[in-house]
Amino acid sequence: LYNNGNYENSKIKFEKVIKKESKNYMGYSGLGSNYFKQRNFEKAIEYFKKAIELNTSNSNLYKGLGWSYYYLENYEKAIETLEKGLELNPDDELILEGLGKSYYEIEDYEKTKNIYIKIIKKNPTKLEGYNQLGWLYYNLKDYENAIFNFNKGLDLEPENKYSNFGLASTYQNLKKYNESINYAKKIIEYDKEFFDAYDILAFDYYLLKNYNQSYYYILKIDENEMKVNTYCLKGSIELEINKINYAKNSYEKAFNLDNNYLSALLGLGYSHILLNDCKKGMYYLNQSLINNTNINHTKKIKNIENKWCS
């Protein structure tokens, strides 16, 4: 029933099973799965735990419990639980995948790597395995292996937006901006609402000093998808194309999301100074010194004050 989305009827069915046979672990397991599919992970945990009390040898129960912990971002408990499931069923791909994702989140990249290599060995057509390995190597700054694994993903599915996004991000970090642009453009051919691709394109063109093209792509990003760094990039582009008031507004939006974000403070400071409001400009620039006491940064702020506001 819950496979068809009929959660209320399936809930009633499993509650009847428990009422009739209170020691029947399947009733608790069914309720756990029911709540899991509704993304009520706290309730799912409650019932999977009760099922495990009655049956400690069923790997699927640990799998459901472990993934519930994962979605609640309790990665340590997810790992502990999924490891127990793996002891019972070493070949379960979903248990391995949950472990790989959990180890990745706690930045244990060596264990993550070993798990995804194992997954791919068992299933060489596992696209997500190559993408996860790609991001693992990306975070380790091993860009050669990142590119290799993202390309393996594209071999399996040339239009896969996550493989293309991985390659766009990797080439951007390698300062190969034209290659990065090519992969990002492929993504929006397939999915015009993949806003991270527009972010990549805006930054690539900004670094290539093609500010009009950069601004074109930053404006494609939905307002609800804008992040602190995206607003700061938008502000930086607007400064370059002499839209000072627009830049100030963009930096203010970044500041409202994170009032300690260095680029937002600097951008607000520069914008206000360019708008002849030195008092407010220096206020934000001096705020930036609180979280960045680097001597060069301090000198830079002092030089700005002497040049523009003395």
Side-chain angles (χ1 to χ4, degrees), residues 1-18 20-136 149 153 156 160 162:
L1 287 170
Y2 61 68
N3 284 333
N4 296 322
N6 196 341
Y7 301 119
E8 192 55 38
N9 284 346
S10 66
K11 178 172 171 280
I12 292 166
K13 176 191 168 186
F14 290 124
E15 284 173 344
K16 282 181 180 176
V17 170
I18 292 167
K20 189 176 179 182
E21 300 177 69
S22 62
K23 300 294 183 184
N24 186 337
Y25 81 92
M26 292 181 71
Y28 295 104
S29 171
L31 281 171
S33 298
N34 188 67
Y35 283 115
F36 184 92
K37 285 182 177 289
Q38 294 179 77
R39 302 189 71 80
N40 186 341
F41 300 116
E42 290 89 351
K43 291 293 285 184
I45 286 168
E46 178 186 335
Y47 285 102
F48 281 130
K49 278 183 170 181
K50 286 179 180 177
I52 288 169
E53 285 174 15
L54 297 169
N55 185 345
T56 58
S57 61
N58 187 317
S59 66
N60 288 327
L61 302 178
Y62 293 100
K63 178 165 57 183
L65 181 59
W67 273 100
S68 298
Y69 281 127
Y70 172 82
Y71 283 119
L72 289 176
E73 299 180 10
N74 189 341
Y75 303 120
E76 298 287 353
K77 286 294 288 183
I79 289 166
E80 178 189 329
T81 307
L82 290 166
E83 288 285 10
K84 288 177 183 175
L86 195 64
E87 287 174 17
L88 296 167
N89 188 355
D91 294 322
D92 191 306
E93 199 172 288
L94 271 175
I95 292 178
L96 285 166
E97 195 175 321
L99 278 169
K101 285 178 176 288
S102 299
Y103 279 122
Y104 182 84
E105 292 293 344
I106 64 168
E107 298 182 7
D108 189 334
Y109 295 138
E110 190 60 32
K111 284 185 178 173
T112 305
K113 181 178 76 173
N114 291 337
I115 286 168
Y116 276 104
I117 288 171
K118 188 175 181 181
I119 289 172
I120 289 168
K121 212 169 186 178
K122 287 178 178 295
N123 183 359
T125 61
K126 181 76 174 176
L127 174 61
E128 190 181 349
Y130 292 111
N131 283 340
Q132 286 288 345
L133 271 177
W135 285 113
L136 168 69
N149 280 283
L156 292 169
N160 186 268
Y162 301 108

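Judged by distance alone, with hydrogens and angles left aside, the side-chain atoms of Ser29 form no donor-acceptor pair with the main-chain N or O of Tyr25 at under 3.5 Å. In this structure a side-chain-to-backbone donor-acceptor pair under 3.5 Å is missing from Trp67 to Phe36.
Partners of Lys43 by side chain to side chain contact (heavy atoms under 4.5 Å, CB included), not counting sequence neighbours, listed by chain and number: Tyr35, Asn40, Glu46, Tyr47. With sequence neighbours excluded, the residues satisfying side chain to side chain contact (heavy atoms under 4.5 Å, CB included) with Lys113 are Glu110, Ile117, Leu133, Leu136, Tyr137. Residues forming a salt bridge (Lys or Arg N to Asp or Glu O under 4.0 Å) with Lys118 (at least two apart in sequence, or on another chain): none. Partners of Lys111 according to the salt bridge (Lys or Arg N to Asp or Glu O under 4.0 Å) rule, which considers only residues two or more places apart in sequence or in another chain, do not exist here. Listed by chain and number, the residues in a side chain to side chain contact (heavy atoms under 4.5 Å, CB included) with Glu83 are Ile79, Leu86, Leu99, Tyr103 (sequence neighbours excluded).
Across every non-hydrogen atom of Leu127 and Asn160, the tightest pair is CD2-ND2, 3.1 Å. Residues Ile45 and Ser68 come closest through the heavy atom pair CG1-CB, 3.5 Å. Taking both residues in full, the closest heavy atoms of Lys77 and Thr81 are given as O-OG1, 2.8 Å, listed atom of the first, atom of the second, then distance. Summarising the geometry of Leu82 relative to Gly98, their closest heavy-atom pair is CD1-C, 3.5 Å, with the distance given to 0.1 Å. Of all non-hydrogen atoms in Ala44 and Gly32, the two that sit nearest each other are CB-O, 3.5 Å.
Atom-to-atom distance recorded for Arg39:CZ and Leu72:CG is 9.5 Å, nearest 0.5 angstrom. Interatomic distance, CG of Asn89 versus OG of Ser59, reported as 4.0 Å (0.5 Å rounding). Note that the CG atom of Asn123 and the CD atom of Glu128 stand 11.5 Å from one another [nearest 0.5 Å]. Leu88 CG to Leu61 CG: the interatomic distance, rounded to the nearest 0.5 Å, is 9.5 Å. With rounding to the nearest 0.5 angstrom, the CD1 atom of Ile119 is 11.5 Å from the CG atom of Asn114.
With no hydrogens or angles considered, a side-chain donor-acceptor pair links Ser57 and Asn55 at under 3.5 Å.
Looking at Glu93 and Lys126, their side chains come closer than 4.5 Å, going by heavy atoms from C-beta outward. Annotation: side chain of Lys122 is in contact with side chain of Leu96 (closest heavy-atom distance under 4.5 Å). Using a 4.5 Å cut-off on side-chain heavy atoms (C-beta onward), Tyr62 and Ile95 make no contact. Side-chain contact check for Lys63 versus Asp92: some heavy-atom pair is nearer than 4.5 Å. Counting heavy atoms from C-beta outward, Glu73 and Glu105 have side chains that stay 4.5 Å or more apart. At least one side-chain heavy atom of Phe48 sits under 4.5 Å from a side-chain heavy atom of Ser33.
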Check step by step if ring pair (Phe, Tyr, Trp, His ring centres under 6.0 Å) holds for Tyr75 and Tyr70.
CA-CA 5 Å; Tyr75 303 120; Tyr70 172 82; 5.6 Å; yes
Start with the C-alpha distance between Thr112 and Gln132, add both sets of side-chain angles, then the distance that settles side chain to side chain contact (heavy atoms under 4.5 Å, CB included), and finish with yes or no.
CA-CA 9 Å; Thr112 305; Gln132 286 288 345; 5.6 Å; no
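Sequence neighbours left out, the pairs with a member in residues 106-136 that pass ring-ring contact (aromatic ring centres under 6.0 Å, His included) are Tyr104-Tyr109, Trp135-Tyr138, Trp135-Phe150, Trp135-Phe165.
No more than 12 heavy-atom neighbours from other residues, nucleotides or ligands sit within 6.0 angstrom of NZ on Lys84.
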